[in-house]
Amino acid sequence: MTEPTSIILINGKRKCGKDYLASRIQEKISSDVCEILHLSIEIKREYAKLHNLDFKELLTDSPYKDLYRKEMIALGESRRNADPGHYCRLATKHASKQCWIIVDNRRETDIEYFKSHYPDKCVVVRVTASEEVRKERGWVWKSGVDDAVSECGLDKYQSDVVVRNNGEKEDEFDKSLDFVISWINKRLKC
């Protein structure tokens, strides 16, 4: 694992555009120095192994993944309750770039893990989108998922930056993106 100079901790509801923001950041900075990491991939990998399921299919936005979503959330919560840094360590174990973009922080303990292990290297970014826009992107409210800590655990968390990703005010999105890019660039020059 390479010690990062900057860590972008992205959080937000399902279908708000967390992956989109991460890819835009990586595009602007360069994949040579910036990598996208997912805590949820490690949960899915572990769940697939435990239940002999198709790991690659669990990574898609498919009905297959939705069949197991609640159980994967339960596994993730169980592991995090026992060891809050479990998935953070797994996701970054092979990280090799200067800038890490952690796309799917779900709990305060995820954020606190990175802030405590990498002080002064983290910026917390909340991505928001209206319910209407999220529905257009395929979101359907699901009991036990959208009311679980995995979706609501950071609703009241004070993020450093809020990025509104409703698709209509691209200039507002770009201003927030430019702020994050500027923050990263300052740290890359250190």
*Might you work through the side chain to side chain contact (heavy atoms under 4.5 Å, CB included) test for Glu35 and Cys99, ending with a clear yes or no?*
CA-CA 6 Å; Glu35 64 191 309; Cys99 173; over 6 Å; no
*Is a side-chain donor or acceptor of Tyr87 paired with a backbone partner of Arg79 at a separation under 3.5 angstrom?*
no
*asked:* To the nearest 0.5 Å, what is the distance between CD1 on Ile10 and CD1 on Ile111?
replied: 11.0 Å
*After noting the C-alpha distance and the side-chain angles of Arg89 and Tyr113, does the key distance pass the side chain to side chain contact (heavy atoms under 4.5 Å, CB included) rule?*
CA-CA 9 Å; Arg89 285 190 305 279; Tyr113 172 86; 3.1 Å; yes
*Do the side chains of Glu46 and Ile41 get nearer than 4.5 Å, heavy atoms only?*
no
*What is the minimum heavy-atom distance between Val145 and Glu151, and which atoms define it?*
O-CG, 3.2 Å
*Mind checking whether Cys16 and Asn165 have side chains closer than 4.5 Å, heavy atoms only?*
no
*How far apart are the closest heavy atoms of Tyr64 and Asp54, and which atoms are they?*
OH-N, 3.1 Å
*Would you say Leu50 and Leu75 make side-chain contact, with heavy atoms under 4.5 Å?*
yes
_So, applying side chain to side chain contact (heavy atoms under 4.5 Å, CB included) with Ser176, which one of Val162, Leu21, Val125, Val163 is it?_
Val163
*Write down the atom of Ile73, the atom of Ala148, and the distance for their closest heavy-atom approach.*
CG2-CB, 4.5 Å
*Do Glu112 and Arg107 meet the salt-bridge criterion of a basic N to acidic O distance under 4.0 Å?*
no
*Should the pair Lys121-Glu3 be classified as a salt bridge under the 4.0 Å nitrogen-to-oxygen rule?*
yes
_Backbone N/O of His38 and side chain of Asp104: donor-acceptor pair under 3.5 Å_ = no
_On a heavy-atom basis, which atom in Leu37 and which in Ala91 lie closest, and how many Å separate them?_
CD2-O, 3.7 Å
*Counting only heavy atoms not in Glu132, do more than 12 fall under 6.0 Å of its CD?*
no
*Given side chains that start at C-beta, do those of Ile8 and Ile102 come closer than 4.5 Å, heavy atoms only?*
no
_Could you check whether any side-chain N or O of Ser30 sits under 3.5 Å from a backbone N or O of Asp32, counting only pairs where one atom can act as donor and the other as acceptor?_
yes
_Less than 4.0 angstrom from a charged side-chain N to a carboxylate O is my criterion; do Arg126 and Asp155 meet it?_
yes
_Pairwise side-chain contact, Phe114 with Cys88, heavy-atom cut-off 4.5 Å (strictly under)_ = yes
_Under a 3.5 Å distance rule, please check whether Arg69 uses its side chain to pair with a backbone N or O of Lys65 as donor and acceptor._
no
_Leu58 and Met72, any side-chain heavy atoms less than 4.5 Å apart_ = yes
_So Asn11 and Val124, do their side chains get closer than 4.5 Å, heavy atoms only?_
yes
*asked:* As an exercise, state the distance from SG of Cys34 to CD1 of Ile101, rounded to the nearest 0.5 Å.
replied: 3.5 Å
*Find out if a path of hydrophobic residues (ILVMFWY) with successive side-chain heavy-atom gaps under 4.5 Å connects Val180 to Ile36.*
yes
*Separation between CZ of Arg106 and CZ of Arg80, rounded to the nearest 0.5 Å*: 8.0 Å
*Sub-3.5 Å donor-acceptor pair from the side chain of Asn81 to the main-chain atoms of Glu77, do we have one?*
yes
*Distance, nearest 0.5 Å, that separates CG of Asn105 from OG of Ser159*: 9.5 Å
*What heavy-atom pair brings Thr109 and Pro84 nearest, and what distance separates the two atoms?*
CB-CB, 3.8 Å
*Aromatic contact, Tyr20 with Phe173 (centres under 6.0 Å)*: yes
*Would you kindly say whether Gln98 and Ser6 are connected by a side-chain donor-acceptor distance under 3.5 Å?*
no
*Would you check, one step at a time, whether the test side chain to side chain contact (heavy atoms under 4.5 Å, CB included) holds for Asp110 with Leu9?*
CA-CA 9 Å; Asp110 295 340; Leu9 300 168; over 6 Å; no
*asked:* Do the side chains of Lys13 and Glu131 get close enough for a salt bridge, i.e. N-O under 4.0 angstrom?
replied: no
*Please report the shortest heavy-atom distance between Asp178 and Lys28, naming the atom on each side.*
OD1-NZ, 4.0 Å
_Pair Leu154-Glu108, side chain to side chain contact (heavy atoms under 4.5 Å, CB included): steps then yes or no_ = CA-CA 6 Å; Leu154 293 171; Glu108 284 189 35; 3.7 Å; yes
*Between Tyr47 and Tyr68, what is the ring plane arrangement, given parallel below 30°, perpendicular above 60°, and tilted in between?*
tilted
*Residue pair Asp146, Trp139: steps toward the side chain to side chain donor-acceptor pair (under 3.5 Å) verdict*: CA-CA 10 Å; Asp146 292 297; Trp139 174 73; 3.1 Å; yes
_Inter-residue atom distance Ser31.OG - Ile29.CD1, 0.5 Å rounding_ = 11.5 Å
*Just by modelled atom types, is the Val133 backbone N or O under 3.5 Å from a matching donor or acceptor in the Ser130 side chain?*
yes
*asked:* Would a single hydrophobic cluster contain both Leu39 and Val149, if residues Ile, Leu, Val, Met, Phe, Trp and Tyr are joined by side-chain heavy-atom contacts under 4.5 Å?
replied: no
*Rounded to the nearest 0.5 Å, what separation is found between the OG1 atom of Thr5 and the CH2 atom of Trp100?*
10.5 Å
*Does a side-chain N-to-carboxylate-O contact under 4.0 Å join Glu42 and Arg45?*
yes
*Would a 4.5 Å heavy-atom cut-off, applied to side chains only, mark Lys44 and Ser40 as touching?*
yes
*asked:* Less than 4.0 angstrom from a charged side-chain N to a carboxylate O is my criterion; do Asp19 and Arg24 meet it?
replied: no
